[in-house]
Amino acid sequence: MTETNTTAKRITISQASAFTGQRVEIPGWLYNIRKSGKIVFPILRDGTGLMQCVAVKSNLPEEVFESLKHLTQESSLIVTGTIRAEARAAGGFEMDVEGAQIIQRVSEEDPYPITPKEHGTEFLMDRRHLWLRSQRQHAIIRVRHEIIKSCRDYFDNNGFTLVDTPIFTPSACEGTTTLFECNYFDDEKAYLTQSGQLYSEANAMAFGKVYCFGPTFRAEKSKTRRHLTEFWMVEPEMAWADLEEIKRVAEEFVIYVVGRVLDKRREELKVLERDTAKLELVQSPFIRMSYTDAVKNLQEHGSTIEWGSDFGGGDETILTQQFDRPMLVDRFPTAIKAFYMQPDYDHPEVALGVDVLAPEGYGEIIGGGQRIHDPELLLRRIEEHKLPKEAFDWYIDLRKYGTVPHGGFGMGIERAVAWICGLEHIRETIPFPRMLYRLRP
RNA sequence: UCCUCAGUAGCUCAAUGGUAGAGCAUUCGGCUGUUAACCGAAGGGUUGUAGGUUCGAAUCCUACCUGAGGAGCCA
């Protein structure tokens with residue numbers, strides 16, 4: 001342990017280029033170290049980047065050199081030194097070390113488990129709290145941040161008001177089989193929300209154009225690379241909007257989000273080895289196809305799908321791999337859609353719903369559509385779906401007091417992150433994924 | 001819930017029914033420009049659990065546990 005010079009300015013690694021030739025101190029963690037006799041190269045990590053340091057035995061007090069030489073991975077320390085442009089270093093800059101204060105040396109009895117080598121999924125998932133320190137996870141989480149911020153910016157810039165909806169709900173949105181149940185004092189049951197939509201409809205009647213953004217929960221026993229039990233969803237809802245307007249907004253929104261990531265997160269996409277040429281193609285117009293045409297298309301390509309059933313496992317892949325940009329598929333059979341979905345005025349056997357399918361096999365990232373605004377039709381559908389009318393009294397009220405055509409959609413953030421980052425599995429898209437069989441850490 | 005595959009050193013993996021091994025990690029030694037550095041040495045194992053077959057089981061059989069991939073359902 002040695003004192004660091006208090007006159008050196010404290011900076012982050014991301015700021016280093018602006019301090020070339022200056023003496024600074026950087027607090028961080030030891031990412032890796034390479035030794036070559038009387039010169040050692042500790043690589044420092046501080047959350048903003050990596051900095052190769054150069055510690056030369058002849059330029060340092062004996063105890064400082066020895067403490068650096070025997071430092072263990074993820075030990076915390078503050079290094080002081082001079083920043084220098086260096087083509088041989090990974091980031092283009094490195095630090096000539098003049099002093100180092102070791103805050104904690106990680107014990108060799110119990111070394112940091114995640115080495116710069118290969119690890120299996122289970123090992124990493126059990127250590128998700130540590131895995132987040134790695135470069136790849138940084139890139140993904142930063143892209144996620146950009147996606148979330150651009151979702152908010154898009155709606156904020158287009159006349160939407162953020163009106164958040166409750167997490168605890170008294171009843172189901174679409175049946176109770178996929179809801180997490182919990183006790184809400186005494187004997188009452190509450191459920192974790194699986195969508196803010198019904199409340200957003202109330203908010204849209206109050207504010208015109210609204211969106212909510214928060215976590216949603218599905219107790220589905222789905223064990224696939226596309227499912228989480230807790231995931232984030234952004235859900236815009238618009239009064240006076242018909243299906244065509246909803247499709248227009250969904251397309252414009254997706255183009256904006258992808259464009260923002262391409263604009264601001266090139267470095268991260270490079271770390272992830274994402275083929276950005278595929279993302280550059282996300283431009284208007286998206287492919288537009290009705291459900292009925294999609295079924296015909298699928299049958300011609302060998303699918304066993306029949307009109308009236310939902311897309312099966314490979315169907316979305318067969319569909320999307322024919323095109324290089326997202327698809328808008330609309331007018332699904334009314335029978336397989338939620339009770340609130342507005343039937344087509346001329347062909348009531350199909351509903352005015354729309355899904356956005358991402359290309360490259362990523363499939364559905366957005367689902368939405370126009371909601372029923374006619375009070376009698378809504379009551380009839382509630383009965384047909386055998387839903388408890390009392391639970392929907394407030395929802396029915398929205399059709400009694402100045403009902404108007406309206407609708408919106410929801411985008412699953414993690415699926416969007418997986419697509420834009422080009423990830424194999426959704427588990428890496430959220431800091432602490434919650435899945436069937438995975439609640440910890 | 002169903003189907004398929006896999007559990008061997010801290011990690012990633014070898015080992016055809018016959019003495020349980022390598023690379024990385026850790027410790028020690030060497031090296032003044034390394035890029036997942038390299039070279040040398042050391043320590044590290046009840047082969048997921050329980051039972052069975054066999055002279056002999058990491059290997060074959062049965063059950064269970066854990067994980068992965070997929071199906072159904074969905075964003």
Side-chain angles (χ1 to χ4, degrees), chain A residues 31-43 50 52-60 65 69-70 72-74 84 86-92 94 96 106-127 134-135 173-175 177-179 194-197 215-235 250 309-317 336-338 353 355-358 362-368 409-419 424-427 429-430 435-438:
Chain A
Y31 182 73
N32 195 8
I33 188 166
R34 287 184 277 266
K35 302 165 199 178
S36 183
K38 296 179 179 62
I39 180 169
V40 300
F41 302 92
I43 298 171
L50 295 180
Q52 173 159 289
C53 303
V54 184
V56 179
K57 187 179 171 79
S58 56
N59 297 347
L60 286 167
F65 183 78
K69 188 176 176 180
H70 292 103
T72 44
Q73 198 189 353
E74 287 301 313
R84 177 169 44 76
E86 172 57 69
R88 285 173 292 187
E94 64 181 25
D96 288 318
V106 173
S107 168
E108 64 271 9
E109 301 287 313
D110 188 10
Y112 186 73
I114 302 176
T115 61
K117 281 279 181 180
E118 297 166 46
H119 299 287
T121 302
E122 186 188 7
F123 181 81
L124 290 169
M125 287 299 287
D126 284 342
R127 291 159 185 78
S134 70
Q135 294 304 103
C173 181
E174 305 165 25
T177 52
T178 60
L179 287 165
Q194 55 181 351
S195 164
Q197 183 205 313
T216 52
F217 307 86
R218 307 259 169 117
E220 289 153 5
K221 297 210 167 177
S222 304
K223 190 185 174 311
T224 80
R225 65 180 68 185
R226 300 162 45 76
H227 286 86
L228 296 167
T229 55
E230 175 183 313
F231 65 98
W232 286 65
M233 193 151 64
V234 59
E235 297 176 273
S309 61
D310 223 331
F311 294 147
D315 288 339
E316 286 185 357
T317 308
I336 59 170
K337 285 291 172 180
D355 283 356
V356 178
L357 308 184
Y362 281 92
E364 186 178 356
I365 54 167
I366 282 177
F409 59 86
M411 183 176 82
I413 295 301
E414 289 75 15
R415 284 194 181 173
V417 175
W419 165 46
E424 281 289 306
H425 200 293
I426 201 164
R427 64 184 156 229
T429 63
I430 185 168
M435 300 179 291
L436 184 66
Y437 308 134
R438 174 64 67 177

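Below, read A as the first sequence line, B as the second, and so on, with proteins coming before strands; counting in each chain starts at 1. Keep in mind that what you see is a predicted model, and the values were worked out from it rather than measured.
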| message | It should be established whether His70(A) places a side-chain nitrogen or oxygen under 4.0 Å from OP1 or OP2 of nucleotide U27(B). | response | no
| query | Is a donor-acceptor contact shorter than 3.5 angstrom present between the side chain of Glu94(A) and the base of G33(B)? | reply | yes
| request: Take atom NZ of Lys35(A) and atom P of G40(B), then tell me their distance rounded to the nearest Å. | output: 17 Å
| request: Before giving the answer on side chain to side chain contact (heavy atoms under 4.5 Å, CB included), spell out for Thr216(A) and Trp232(A) the whole-Å C-alpha distance, their side-chain angles and the decisive distance to 0.1 Å. | output: CA-CA 6 Å; Thr216(A) 52; Trp232(A) 286 65; over 6 Å; no
| said: Regarding U26(B), can its base be found pairing with the side chain of Thr72(A) as donor and acceptor, where the two atoms are less than 3.5 Å apart? | reply: no
| request: Measure the distance from CG on Asn59(A) to P on G33(B) and round it to the nearest whole Å. | output: 14 Å
| query | Rounding to a whole Å, what distance do you find between Met125(A):CE and G67(B):P? | reply | 11 Å
| Say you pick atom P in U8(B) and the same atom in A15(B); how far apart are they, in whole Å? | 14 Å
| Watson-Crick or G-U wobble partner for G17(B), using a 3.5 Å limit on both distances? | none
| field | Touch class at under 4.0 angstrom, heavy-atom based, for Asp110(A) against every strand present | value | nothing
| field | Sugar-phosphate only, base, or nothing, as touched by Gly363(A) at under 4.0 Å among non-hydrogen atoms | value | nothing
| field | Nearest-Å distance for atom pair CD1/C1', residues Ile43(A) and U34(B) | value | 8 Å
| field | Between U34(B) (C1') and Leu50(A) (CG): distance, integer Å | value | 15 Å
| message | Any base atoms under 4.0 Å from Tyr437(A), or only sugar-phosphate, or nothing? Heavy atoms, all strands. | response | sugar-phosphate
| query | Does atom CD of Glu424(A) have more than 12 heavy-atom neighbours from other groups under 6.0 Å away? | reply | no
| said: Determine whether a donor-acceptor pair (N or O, by modelled atom type, separation under 3.5 Å) exists between the side chain of Glu74(A) and the backbone of Val106(A). | reply: no
| field | Paired nucleotide for U4(B) [Watson-Crick or G-U wobble; both distances under 3.5 Å] | value | A68(B)
| request: For G23(B) and G70(B), measure between their C1' atoms and round to the nearest Å. | output: 32 Å
| field | Rounded interatomic separation in angstrom, taking NE2 from His227(A) and C1' from C73(B) | value | 6 Å
| said: What contact category does Glu118(A) fall into here, base, sugar-phosphate, or nothing, at under 4.0 angstrom with non-hydrogen atoms? | reply: base
| field | Among G69(B), G33(B), C73(B), the nucleotide that comes nearest once only the side chain of Lys223(A) is considered | value | G69(B)
| request: Determine the interatomic distance between P on U16(B) and the same-named atom on G29(B); round to the nearest Å. | output: 39 Å
| said: So Lys57(A), base contact, sugar-phosphate only, or nothing? Heavy-atom distance under 4.0 Å. | reply: nothing
| message | Is it the case that the base of U66(B) and the side chain of Glu122(A) share a donor-acceptor contact (distance under 3.5 Å, atom types as modelled)? | response | no
| query | Hey, does Asp355(A) reach any base, or is it just sugar-phosphate, or nothing, if we go heavy atoms under 4.0 Å? | reply | nothing
| query | Can you tell me how far C1' of U34(B) sits from CZ of Arg34(A), to the nearest Å? | reply | 6 Å
| Taking atom types as modelled and ignoring hydrogens, do the side chains of Thr115(A) and Gln73(A) form a donor-acceptor contact shorter than 3.5 angstrom? | no
| message | Would you measure the distance from the P atom in C5(B) across to the matching atom in C64(B) and give it in whole Å? | response | 16 Å
| message | Under 4.0 Å, counting only non-hydrogen atoms across every strand here, what does Thr224(A) touch: a base, just sugar-phosphate, or nothing? | response | base
| request: Report the base-pairing partner of A41(B) (Watson-Crick or G-U wobble, both distances below 3.5 angstrom), or none. | output: U27(B)
| message | What contact category does Arg427(A) fall into here, base, sugar-phosphate, or nothing, at under 4.0 angstrom with non-hydrogen atoms? | response | sugar-phosphate
| message | Within the 4.5 Å heavy-atom criterion, are Gln52(A) and Arg34(A) side-chain neighbours or not? | response | yes
| query | Can you tell if the side chain of Arg84(A) reaches within under 4.5 Å of the side chain of Val54(A), non-hydrogen atoms only? | reply | yes
| Any N/O donor-acceptor pair, Lys221(A) side-chain to G72(B) base, under 3.5 Å | no
| task | Determine, stepwise, if the pair Met411(A) / Ile413(A) fulfils side chain to side chain contact (heavy atoms under 4.5 Å, CB included). | result | CA-CA 6 Å; Met411(A) 183 176 82; Ile413(A) 295 301; 4.1 Å; yes
| field | Distance between C1' atoms of G7(B) and U47(B) (Å, rounded) | value | 9 Å
| field | Selection from C31(B), C74(B), G33(B) that lies nearest to any side-chain heavy atom of Lys38(A) | value | C31(B)
| remark: Among the nucleotides U32(B), G33(B), A68(B), whichever has the atom closest to the side chain of Val56(A) is U32(B)
| said: Does Gln52(A) reach a base, just sugar-phosphate, or nothing at all? Heavy atoms under 4.0 Å. | reply: base
| Which is true for Phe123(A) with a 4.0 Å heavy-atom rule: it touches a base, it touches only sugar-phosphate, or it touches nothing? | sugar-phosphate
| Minimum side-chain heavy-atom gap Glu364(A)-Arg226(A) below 4.5 Å | yes
| Rounded distance (Å) that lies between atom P of C11(B) and atom CD of Gln73(A) | 15 Å
| Separation of the C1' atoms in A57(B) and G18(B), to the nearest angstrom | 10 Å
| query | If we take the C1' atom in both C55(B) and A71(B), what is their distance in whole Å? | reply | 46 Å
| task | Would you sort out whether Lys38(A) and Ser58(A) count as a side chain to side chain contact (heavy atoms under 4.5 Å, CB included), showing the intermediate values? | result | CA-CA 8 Å; Lys38(A) 296 179 179 62; Ser58(A) 56; over 6 Å; no
| request: Could you measure between the two C1' atoms, the one in U1(B) and the one in C60(B), and give it in whole Å? | output: 30 Å
Which pairs, protein N/O on one side and nucleotides 22-24 of chain B N/O on the other, fall under 3.5 Å?
none

| task | Report yes if the side chains of Asn59(A) and Phe65(A) come closer than 4.5 Å at any heavy-atom pair, otherwise no. | result | no
| request: Please work out if Ile366(A) contacts a base, only the sugar-phosphate, or nothing of the nucleic acid, heavy-atom cut-off 4.0 Å. | output: sugar-phosphate
